[in-house]
Amino acid sequence: MTLDLETWAREGGRAQAVRDRVAHDERGRRHRERTALWLGTVGLGVAILVFWQFGLGHLVNPRYVSDPVTIAARIVELAAEGTIFTHVSVTLAEAGLGFVIGAAVGFLSAFALSQTRSGYEVFEPFLIGFYSIPKIALAPLFILWFGLGTLPKVIMAALLVYFIVFVNTATGIREVQPGLLRVCRVFGASRRDLLLKVTLPAAAPALVASVRITFTRAIEGALLSEFVASTQGLGYLVSRASRAFDIATVFAGIVIIAAVVMTANTLLRLLQNRLTPWHSGRVHG
């Protein structure tokens, strides 16, 4: 009996050692993959910056392009003046308010219309027709109707968010299998149970995944209106510099916009992975 226990202990020790070695090898492989990915990203970024600094001027008239060193210096100047923080905060406030309004209205209307197939099908052609209108064509109308303040920027941002949230939420709700709903009813599920335990969980992955792309769309909507007519915001900064032929400020504004969007997208991707780690995140947009 003692011999059997000793044999079992030795075999268990060998199995644990194998598992530890496999786990160690897997961690090493993942570390090497992350390192290679990081080095590749950094290398590509450095190559782009070097080409931009020393080579782009040979392809494009230097009067119409600014180099990274000059752009960085201009961003430092804007930061020292403090104006850039004001413009960023204005654009983010417009985009944030538009995002909240568009997402809330999109979710509620999608849920209401998806309860009946005929309601959604009646509304869908009008939705597609309105969505096909170039949003830049609507910006001047909103400026005329609502003035140069915050409201037209918020409305434009909300519109861009609304369509994406509506489509993805409605798709998630409508993809719930009718057979599943019937089975739940047979087992005594109430309408409230179907809503909270079947329908909403089915729509949650698409809704959460759409948040990531809709916030960047909200920033896009705010910028579009600022480009047309505004007195503050990143779009106003770039538009004003373009009219003054201040190429360094134009490129500085574009770089700042890209940095803001990339930062927001990264944070929202982390939030999406935490809330729905099982979901691939593919959405309509």
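Quick note: numbers below take in every heavy atom, side chains included, and nothing from hydrogens, waters or symmetry partners. A quick note: this is a predicted structure, and the numbers were derived from the prediction, not measured.
Applying the side chain to side chain donor-acceptor pair (under 3.5 Å) criterion to Ser89, with sequence neighbours excluded, gives no partner residue. Take Glu81 and apply the side chain to side chain donor-acceptor pair (under 3.5 Å) test, not counting sequence neighbours, and it matches no residue. By the side-chain contact (heavy atoms from CB on, under 4.5 Å) test, Leu49 pairs with Trp52, Pro68, sequence neighbours left out. For Asp246, the side-chain contact (heavy atoms from CB on, under 4.5 Å) test picks out Arg74, Ala241, Ala248, Thr249, with sequence neighbours left out.
A donor-acceptor contact shorter than 3.5 Å is absent between the side chain of His87 and the backbone of Leu234.
Side-chain atoms of Leu237 and Ile84, non-hydrogen and from C-beta on, do get closer than 4.5 Å to each other. Annotation: side chain of Glu94 is in contact with side chain of Val90 (closest heavy-atom distance under 4.5 Å). At least one side-chain heavy atom of Leu223 sits under 4.5 Å from a side-chain heavy atom of Glu226.
With hydrogens and angles left out, the side-chain atoms of Thr86 and Gln232 include no donor and acceptor closer than 3.5 Å.
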Exercise for review: Report the C-alpha separation of Arg217 and Glu220 in whole Å, then their side-chain angles, then the decisive distance to 0.1 Å, and conclude whether the salt bridge (charged side-chain N to carboxylate O under 4.0 Å, His left out) test is met.
Suggested key: CA-CA 5 Å; Arg217 289 294 182 89; Glu220 177 187 337; 3.8 Å; yes
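The hydrophobic cluster containing Val46 also includes Trp38, Leu39, Val42, Val50, Phe54, under a criterion of side-chain heavy atoms closer than 4.5 Å among ILVMFWY residues, counted directly or through chains of members.
To the nearest 0.5 Å, atoms CZ (Phe251) and OG1 (Thr70) are separated by 11.0 Å.
Cluster membership for Phe85 and Ile75, using ILVMFWY side-chain heavy atoms within less than 4.5 angstrom, is shared.
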Under 3.5 Å, which donor-acceptor pairs link side chains of residues 138-164 to any protein atom two or more places apart or in another chain?
unit_1: Lys153; atom_1: NZ; unit_2: Leu148; atom_2: O; d: 2.9
unit_1: Lys153; atom_1: NZ; unit_2: Gly149; atom_2: O; d: 2.9
unit_1: Lys153; atom_1: NZ; unit_2: Ala229; atom_2: O; d: 3.2
unit_1: Tyr162; atom_1: OH; unit_2: Ser109; atom_2: OG; d: 3.1

